[in-house]
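Remarks on the structure that follows.
Computed from a prediction, not measured in an experiment: that's the story for all the values here.
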Amino acid sequence: MDYVPDTSVIIDGRFTSFLSRQSECRVILSEAMMSEVEHQANEGKSIGFAALEELKKIRKMADDGIIYVEIQGRRPADWQIKRAKSGEIDEIIRMVAFENDATLVTGDQIQRDIALIKGIRVEYIAPDTREPKNIEEFFDEITSSVHLKAEMEPVLKRGPPGEIKYEKLHYKITRGDLEEIANHIVKRGRNEDDSFIEMDARGATVIQLHNIRIVITRPPFSDDLEITAVRPIVKLSIDDYKLRPELLERLKNQANGVLVAGGPGAGKSTFVQALAEYLSSLGKVVKTMERPRDLQVSKEITQYTGLEGSMEKTGDILLLVREDYTVFDEMRVTNDFHVYSDLRLAGVGMIGVVHATRGIDAIQRFIGRIELGMIPQVVDTIIFIERGAVASVLVTQYSVKVPSGMQEEDLARPVIEVRDFFSQATVFEIYTFGEQIVVVPVQKSPERGSFFKLAEDRIVQEIRRITGSGRVVVKMVGENRILVQVDEASISRLIGKKGATISELEKRLGVRIEVEPLEESQEEQRQEAYTEIKNRIIYLTVGEPNMDVRFYVDNILVLQAKSSNKGIVRIKIASDTGAALYNYIKEGKKIFFSPARR
């Protein structure tokens with residue numbers, strides 16, 4: 001007996017099972033059927049890979065002498081493959097069966113009926129009525145995600161945000177069972193209400209199945225077949241968060257550029273859903289931008305995804321919709337931050353969701369992506385979520401001032417102050433230092449030390465890069481003057497030919513640099529200086545008159561001077577060096593001195 005199978009019975013192994021019950025038969029594989037399978041596999045479709053495995057089994061049966069296999073027919077054109085659903089491929093397969101007076105084997109009822117009408121013998125194999133396991137069977141009321149991988153134990157994440165625990169099931173899921181589950185998910189995503197296929201690329205498929213977001217990956221994208229399903233386990237209203245009245249008032253009337261930040265599983269999306277529905281209940285027009293669309297919001301809130309795969313195009317459409325607020329879920333790549341900024345500057349209220357370990361980190365995601373001075377216009381409120389609750393709230397303010405830790409008024413510059421919303425205390429300042437944008441934490445009692453330490457670290461890195469030496473000591477002896485100590489062998493490399501290297505470094509850093517050889521031998525000769533403060537003057541007693549002397553704090557040179565006839569060095573607190581020494585003395589640090597090497 002001669003048989004010609006079509007694609008429907010190859011995909012799920014029905015034809016292979018059918019052949020195991022036959023004896024001495026000839027199987028004619030049509031080029032059209034094989035081309036369709038190849039096309040599906042090249043597209044990364046699950047059914048294509050499954051069909052390839054079945055064709056390998058058929059070839060092995062032929063090699064073992066169980067059956068005889070021939071390949072016949074013509075290879076279809078591209079347009080016929082693309083129109084396979086309209087019956088072009090089925091017609092070619094039917095003609096192969098007709099021309100060979102063979103029996104067509106199919107699991108497609110329409111294919112069977114057309115073949116019978118045309119006088120072709122047909123063997124119809126009904127599909128297996130056993131339904132694959134539904135993905136919902138892995139979930140219970142406290143399971144937030146399910147992770148399935150071929151030949152591995154299923155892993156569940158269970159518990160509310162901030163209290164998630166991992167749990168393994170004590171059995172391994174076979175590749176065949178997982179393939180059935182994956183194919184069943186795809187079928188349901190196409191056919192069931194409130195479900196859709198968000199993305200279907202080579203090796204990766206994203207499906208929204210009711211309230212479950214499912215990602216199916218396979219080679220070549222992943223090393224093996226894997227299914228990840230994520231589902232929200234709680235839905236809260238804004239009242240459940242028990243926000244302080246002043247924060248609720250800000251979200252209602254003042255906050256137009258909001259970032260909701262937190263780590264994975266912290267509860268960001270749950271909070272954003274509650275905030276979106278709260279704003280909608282106030283009569284605001286709210287839309288969402290999601291990739292994929294998995295926020296569980298009310299019907300009044302329309303959910304958009306990337307138009308033709310582009311969030312930028314979605315943003316263009318939203319400008320025409322004239323919404324009051326847009327929720328931008330899961331901002332990751334640079335283009336997402338540009339779209340958020342463009343919509344905000346166009347007057348649209350924005351609520352963005354970003355992954356961050358601190359509230360300030362969310363703002364830093366914008367640095368380098370938009371102009372520094374635009375950040376307060378784009379982002380005015382940062383809400384940090386931790387363990388499902390609002391942990392902190394930051395607000396931004398633009399001003400021109402002398403940064404904290406600096407004193408001279410000519411150092412005033414544009415500064416973005418990041419304040420704690422509830423205390424109104426400045427906790428960070430963002431500004432330019434040299435060619436670099438820095439984010440400097442501000443202490444409750446701001447001191448020069450934090451700024452100096454930041455600057456010193458930056459300069460040490462630059463000098464180590466130039467000299468190739470790790471032995472570098474840097475001390476800022478003024479707001480725009482520093483002392484650098486390196487090994488004598490590195491001095492010429494640091495200065496460069498005719499001072500070119502040091503001049504370029506000074507220009508880039510915006511400071512004046514003095515260079516001295518690194519001294520270690522004199523450390524043993526250092527003695528503690530007796531200090532006294534009178535009338536805004538620091539008196540440093542060294543004992544020896546008219547002596548060139550160097551003063552050190554924490555083994556770092558802070559001052560070089562000549563003692564008076566009475567063996568005293570006097571420094572005005574109003575000077576840069578005097579202010580630094582005064583702070584060191586207040587901190588309880590000891591000042592040591594040694595004779596300067598001639």
Notebook entry, point to check: Can you check whether Phe366 and Phe337 have ring centres sitting under 6.0 Å from each other?
Noted result: yes
Check: Side-chain donor-acceptor pair under 3.5 Å between Thr103 and Glu123, yes or no?
Finding: no
Item checked: Main-chain N/O of Val285 paired with Asp324 side-chain donor or acceptor, under 3.5 Å -> yes
Notebook entry, point to check: Once you round to the nearest 0.5 Å, how far does CZ of Arg332 lie from NE2 of His355?
Noted result: 6.5 Å
Check: Run the salt bridge (charged side-chain N to carboxylate O under 4.0 Å, His left out) check on Lys60 and Asp63 step by step: do they pass?
Finding: CA-CA 5 Å; Lys60 187 175 187 306; Asp63 293 341; over 6 Å; no
Check: Within a reach of under 6.0 Å around CD of Glu136, are more than 12 heavy atoms found that belong to other residues, nucleotides or ligands?
Finding: yes
Item checked: Nearest non-hydrogen partners of Gly315 and Val339, listed with the distance -> CA-CG1, 4.4 Å
Next item on the list: Check salt bridge (charged side-chain N to carboxylate O under 4.0 Å, His left out) between Asp239 and all other residues, then give those that pass, not counting sequence neighbours.
Entry: none
Note to self: Does Tyr166, at its OH atom, have more than 12 non-hydrogen atoms belonging to other residues, nucleotides or ligands within less than 6.0 Å?
What the structure shows: no
Item checked: Six-ring centre of Phe422, Arg244 cation under 6.0 angstrom, axis tolerance 45° -> yes
Check: So, Gln22 versus Tyr3: side-chain donor-acceptor pair below 3.5 Å or not?
Finding: yes
Note to self: Taking the side chain as everything from C-beta on, heavy atoms only, tell me whether Thr205 gets closer than 4.5 Å to Ile197.
What the structure shows: yes
Please list, one pair per line, the donor and acceptor atoms closer than 3.5 Å that link side chains of residues 252-266 to other protein atoms, with sequence neighbours excluded.
{"unit_1": "Asn253", "atom_1": "ND2", "unit_2": "Glu249", "atom_2": "OE2", "d": "2.4"}
{"unit_1": "Asn256", "atom_1": "ND2", "unit_2": "Gln254", "atom_2": "O", "d": "3.3"}

Margin query: Measuring only between side-chain heavy atoms, which start at C-beta, is Phe421 closer than 4.5 Å to Thr381?
Written below: no
Next item on the list: Just do the salt bridge (charged side-chain N to carboxylate O under 4.0 Å, His left out) check on Glu151 and Lys172 with the steps written out, would you?
Entry: CA-CA 5 Å; Glu151 310 302 334; Lys172 292 185 178 180; over 6 Å; no
Note to self: Within this structure, what is the CG-CZ distance for the pair Asp224 and Arg218, rounded to the nearest 0.5 Å?
What the structure shows: 9.5 Å
Checklist line | Other residues, nucleotides, ligands: >12 heavy atoms within 6.0 Å of Leu320 CG | finding: yes
Checklist line | Separation between CD1 of Ile367 and CD1 of Ile430, rounded to the nearest 0.5 Å | finding: 4.5 Å
Check: In terms of side-chain heavy atoms, does Thr305 have a donor or acceptor partner in Glu290 at a distance below 3.5 Å?
Finding: no
Checklist line | Over 12 foreign heavy atoms within 6.0 Å of CE, Met152 | finding: no
Item checked: Steps toward salt bridge (charged side-chain N to carboxylate O under 4.0 Å, His left out) verdict (Lys56, Glu54) -> CA-CA 5 Å; Lys56 290 178 185 178; Glu54 293 303 315; over 6 Å; no
Notebook entry, point to check: Tyr241: what forms a ring pair (Phe, Tyr, Trp, His ring centres under 6.0 Å) with it, not counting sequence neighbours?
Noted result: Phe271
Notebook entry, point to check: His170 and Glu153: side-chain donor and acceptor closer than 3.5 Å?
Noted result: no
Check: Between the side chains of Ser35 and Arg75, is a donor N or O closer than 3.5 angstrom to an acceptor N or O?
Finding: yes
Next item on the list: Return yes if some donor-acceptor pair links the side-chain N/O of Asp177 with the main-chain N/O of Thr174 below 3.5 Å, else return no.
Entry: no
Checklist line | Under 3.5 Å side-chain donor-acceptor pair for Asp108 and Ser8 | finding: no
Item checked: Pair Glu323-Lys287, salt bridge (charged side-chain N to carboxylate O under 4.0 Å, His left out): steps then yes or no -> CA-CA 7 Å; Glu323 75 281 15; Lys287 311 291 183 184; over 6 Å; no
Notebook entry, point to check: Roughly how far, to the nearest 0.5 Å, is the CG atom of Asp316 from the CG atom of Leu307?
Noted result: 9.0 Å
Margin query: Nearest 0.5 Å, please: how far is CG in Leu148 from CG in Leu169?
Written below: 8.5 Å
Checklist line | Least distance between heavy atoms, Val122 atom then Ala115 atom | finding: CG2-CB, 3.3 Å
Checklist line | Pairwise distance CD(Glu226) to CG(Leu178) - rounded to 0.5 angstrom | finding: 9.0 Å
Check: Do Leu29 and Pro5 come within less than 4.5 Å of each other through their side chains, counting heavy atoms only?
Finding: yes
Item checked: Closest non-hydrogen atom pair, Leu236 against Ala274 -> O-CB, 3.3 Å
Next item on the list: Specify the closest pair of heavy atoms between Asn134 and Phe138, including all atoms of both residues, with the distance to one decimal.
Entry: O-CD1, 4.2 Å
Check: With no hydrogens and no angle check, do the side chains of Glu312 and Ser310 hold a donor and an acceptor under 3.5 Å apart?
Finding: no
Notebook entry, point to check: Which atoms form the tightest heavy-atom contact between Leu295 and Gln303, and what is the distance?
Noted result: O-NE2, 2.9 Å
